[in-house]
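Heads up, the thing below is written out as structure tokens.
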Protein chains: 2
Amino acid sequence: MGQRESGHVTLSDIARACHLSVSTVSIVLSEAPLSRHVAESTRKRIQATARRLGYHPDAYARSLRRRRTQTIGVLAYDMSDPFCVPVVSGIDEGLQPAQYFSLLVNAQMQRRLFDKYFRMILERRAEGVIVIASWVFEETDLLADIEKNHVPIVIVGRDLTQRRITSVLVDNRAGGALVMRHLDSLGHRHIAVIRGPDEMFDSAPRWEGIRQAAADAGIRFDSRLVFQLPNLSDSKSSFEGGRQFAKEMLASGAEFTAVLAFDDLTALGVVRGLTEAGLRIPKDCSVVGFDDVLPADVATPGITTIRQPLREMGMLATELMLQALQQSQANETQEAGLYVVQPELVVRTSSAAPGGGGE
Amino acid sequence: MGQRESGHVTLSDIARACHLSVSTVSIVLSEAPLSRHVAESTRKRIQATARRLGYHPDAYARSLRRRRTQTIGVLAYDMSDPFCVPVVSGIDEGLQPAQYFSLLVNAQMQRRLFDKYFRMILERRAEGVIVIASWVFEETDLLADIEKNHVPIVIVGRDLTQRRITSVLVDNRAGGALVMRHLDSLGHRHIAVIRGPDEMFDSAPRWEGIRQAAADAGIRFDSRLVFQLPNLSDSKSSFEGGRQFAKEMLASGAEFTAVLAFDDLTALGVVRGLTEAGLRIPKDCSVVGFDDVLPADVATPGITTIRQPLREMGMLATELMLQALQQSQANETQEAGLYVVQPELVVRTSSAAPGGGGE
DNA sequence: ATAATCTATTCAAACGTTTGAAATCAAGTT
DNA sequence: AACTTGATTTCAAACGTTTGAATAGATTAT
């Protein structure tokens with residue numbers, strides 16, 4: 001009793017139970033300004049009844065009426081990539097004080113899902129959308145629909161400012177240079193490199209930073225020791241790629257004392273491959289990665305890597321989104337800004353001076 | 001032009017543009033049965049206009065009217081625990097063909113967030129809720145509200161059937177026994193054990209299985225070699241716990257040839273701790289874990305572990321949820337079932353016969 | 001010629017809220 | 001006796017959609 005067909009308790013259930021109008025009940029329970037004028041006793045009675053019946057306002061009805069959904073769509077390209085998780089946490093954290101909620105969807109690297117979820121986010125009237133980098137993103141024609149419906153977008157992990165989209169990303173060039181200089185400072189001169197797949201936008205600038213830093217240090221790469229991961233790699237396949245390339249490095253006969261891998265999982269694959277061949281890390285060969293994901297931290301030896309401040313990037317994206325929302329409410333014009341955050345070198349035990357443990 | 005204050009294109013925008021009523025437009029765009037009677041030419045015109053204006057139906061208005069939200073709330077206790085991610089993927093996969101969407105929230109092990117998000121899920125009128133195990137869950141009084149509002153629940157990762165909640169979990173007892181028997185079959189007799197925290201429901205049955213299998217094999221644990229993780233450990237702290245206990249094992253002076261850790265991150269911590277003390281894994285000591293999370297797979301040596309079929313568990317939970325929804329639509333009574341799935345031993349290189357590499 | 005059937009479209013009410021405007025009533029002021 | 005004031009509560013419309021019932025016109029069957 002006290003419940004309608006839908007199974008949910010509504011304002012009118014409470015109104016009936018209290019012999020009051022729906023308006024009064026709404027005013028009290030939504031703590032509208034008018035509730036100052038509602039008699040204390042009435043207020044108490046309404047609140048007690050609401051609690052007793054287990055009332056929770058219907059977000060659908062409320063949002064429809066208020067024309068605000070308090071929702072930000074978050075489109076992650078692949079939640080099983082440990083890269084995504086901290087970014088999402090950062091977004092949630094930023095959203096929290098603003099009383100917004102994230103509507104998180106996981107495209108699982110699939111074009112079809114990406115479109116489907118994008119549409120869903122639009123239908124659920126997210127007030128804004130944060131996209132965590134995905135190559136698929138560029139191609140979708142839903143982008144046009146987003147604009148037609150005036151929904152602001154922020155992207156994390158790549159630069160789409162030329163498409164007039166506010167972008168948050170790490171300075172890959174600086175990161176590449178940092179890790180290269182680290183190896184140089186340890187005294188490595190013969191370094192194998194595994195570049196990222198063409199399709200990933202991080203690949204080019206990271207490689208650029210590496211090359212520049214190497215040139216500055218007077219280091220030349222042996223072409224037998226430069227590898228490139230294939231496209232469409234999921235997070236597991238970059239591990240396998242690293243392992244495979246490790247074997248090829250050894251087979252090539254070229255001398256090397258360190259391996260600079262595109263990302264941490266690749267680096268972990270290299271460690272596996274070299275270890276299987278009997279080498280000791282870092283005694284016989286140093287291995288460094290990029291990203292600082294959880295497995296890099298908990299593996300032994302810990303992988304020296306470049307930390308992207310992922311959580312902070314998520315928070316920054318949220319902040320920018322909230323700004324954009326305020327501006328669009330005030331009908332101000334929006335500018336698509338570019339926000340480049342600086343990465344940080346995290347030295348662990350997978351890197352050491354060449355040719356010696358204790359040295 | 002063609003857009004209202006809210007910024008979103010509505011049916012009436014399209015109706016106006018086509019000189020038709022909102023009803024007709026709705027009938028066509030929602031592909032209602034009546035659309036058979038709408039002239040082909042009209043239909044085409046409406047669809048073209050909708051596409052041109054970038055129309056997407058308002059899920060809020062639609063759900064309000066249809067009294068169906070096509071939403072299942074998914075409450076994960078901590079997305080940064082690698083345990084959660086595959087379960088969530090499995091849920092999404094199960095939901096997909098049923099045309100449902102998940103509303104995923106991350107409680108980050110915080111009671112406050114848990115309540116907040118639970119309330120949010122209720123307000124967003126999720127038709128059902130899947131909870132990924134959390135101790136907080138038991139305490140919340142929102143559980144009563146869920147029942148008052150007739151929202152079915154399924155829980156993954158623990159048994160709450162006595163609370164009349166359908167539960168999906170792994171057979172921890174069997175898993176504990178499996179991993180213990182594995183060490184026994186390799187010939188280990190002196191085994192250090194790190195038990196899970198009291199607060200985690202997995203701890204007791206897992207320990208029970210271990211003890212039973214040990215007893216069957218005639219193995220007794222040295223009390224100096226039995227440790228227990230503290231409560232409230234986040235995923236990172238179980239790593240630190242493992243590392244710490246590894247040192248204590250060595251300091252205790254007791255002899256041991258293998259360590260059986262509560263979960264994979266603890267095992268990785270043990271590997272770190274033992275390695276730092278100069279031991280080689282698995283030559284000097286075997287280390288085994290539980291869960292089969294990503295880091296256990298990509299570390300070197302790979303951690304021998306018990307795989308929980310997490311993805312499958314997520315899919316099963318979804319299936320049970322969809323069943324429950326059908327039953328509640330048909331007004332059938334619901335039974336709270338218990339579904340125990342079997343874990344699987346995954347042998348990697350962190351375990352070997354005691355006291356030797358090649359043997 | 002009337003009724004029945006079919007086609008193509010529209011009306012109007014409803015979903016559960018919110019909110020500006022209005023109503024009611026008591027008490028105080030002119 | 002009429003008027004203001006203030007406190008408390010209610011009316012009614014709106015948000016964007018769906019849908020049972022109604023309409024108008026054309027065709028066919030009796």
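Within residues 43-50 of chain B, no residue is approached by DNA chain D to less than 4.0 Å at the level of any non-hydrogen atom. Residues from residues 17-26 of chain B that place a heavy atom under 4.0 Å from any atom of DNA chain C, listed by number: B/Leu20, B/Ser21, B/Ser23, B/Thr24.
Ranking D/dA14, D/dT9, D/dA21 by closeness to the A/Arg65 side chain, first place goes to D/dA14. Considering only the side chain of B/Asp58, D/dT17 comes nearest among D/dT17, D/dT18, C/dG16.
In this structure, B/Arg67 does not reach the C/dC15 phosphate: none of its side-chain N or O atoms is under 4.0 Å from OP1 or OP2. When the side-chain nitrogen and oxygen atoms of B/Arg66 are compared with OP1 and OP2 of D/dT18, one or more of them lie within a distance under 4.0 Å. Dashed line: the shortest gap from a side-chain N or O of B/Tyr60 to OP1 or OP2 of D/dT18 is not under 4.0 Å. The phosphate of C/dG16 (OP1 or OP2) has no side-chain N or O of A/Arg62 nearer than 4.0 angstrom.
Under the 4.5 Å side-chain criterion, counting only non-hydrogen atoms from C-beta, B/Arg65 is not in contact with A/Tyr60. Side-chain atoms of A/Leu53 and A/Ile14, non-hydrogen and from C-beta on, do get closer than 4.5 Å to each other.
Within the structure, ring pair (Phe, Tyr, Trp, His ring centres under 6.0 Å) contacts touching residues 22-59 of chain B (residues at least two apart or in different chains) do not occur.
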Starting at the 5' end of DNA chain C, write a dot or bracket for each base, bracketing those in Watson-Crick or G-U wobble pairs whose two distances are under 3.5 Å and using | for partners on another strand.
-> ||||||||||||||||||||||||||||||
Please output the side-chain donor-acceptor pairs of residues 19-28 of chain B that fall under 3.5 Å, not counting sequence neighbours, one pair per line with the distance.
unit_1  : atom_1 : unit_2  : atom_2 : d
B/Ser21 : OG     : B/Ser23 : N      : 3.4
B/Ser21 : OG     : B/Thr24 : N      : 3.2
B/Ser21 : OG     : B/Thr24 : OG1    : 3.1

Less than 3.5 Å apart, which donor and acceptor atoms pair up between the side chains of residues 42-50 of chain B and the rest of the protein, not counting sequence neighbours?
unit_1  : atom_1 : unit_2  : atom_2 : d
B/Arg43 : NH2    : B/Val38 : O      : 3.2
B/Lys44 : NZ     : B/Glu40 : OE2    : 2.8
B/Arg45 : NH1    : B/Cys18 : O      : 2.8
B/Thr49 : OG1    : B/Arg45 : O      : 2.8

Can you list, pair by pair, the side-chain donor-acceptor contacts under 3.5 Å of residues 313-324 of chain B, counting residues two or more places apart and other chains?
unit_1   : atom_1 : unit_2   : atom_2 : d
B/Thr318 : OG1    : B/Ile91  : O      : 3.4
B/Thr318 : OG1    : B/Gly314 : O      : 2.9

Between the protein and nucleotides 25-29 of chain D, which nitrogen or oxygen pairs come in under 3.5 angstrom?
none

Can you tabulate the close N/O pairs, meaning under 3.5 Å, that link protein atoms to atoms of nucleotides 4-7 of chain C?
none

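At whole-Å resolution of the value, CG in A/Leu53 and C1' in C/dG16 are 16 Å apart.
No engagement by B/Ser63 is indicated, since no non-hydrogen atom pair under 4.0 Å with the nucleic acid exists.
Of the N and O atoms on the side chains of B/Arg62 and B/Thr69, not one donor lies less than 3.5 Å from an acceptor on the other residue.
Here B/Tyr100 pairs with B/Arg68, B/Glu127 under the side-chain hydrogen bond (donor to acceptor under 3.5 Å, both in side chains) rule; sequence neighbours left out. Partners of B/Phe101 by ring-ring contact (aromatic ring centres under 6.0 Å, His included), not counting sequence neighbours: none found. Taking A/Asp92 as the reference, A/Ser102 meet the side-chain hydrogen bond (donor to acceptor under 3.5 Å, both in side chains) condition, with sequence neighbours excluded.
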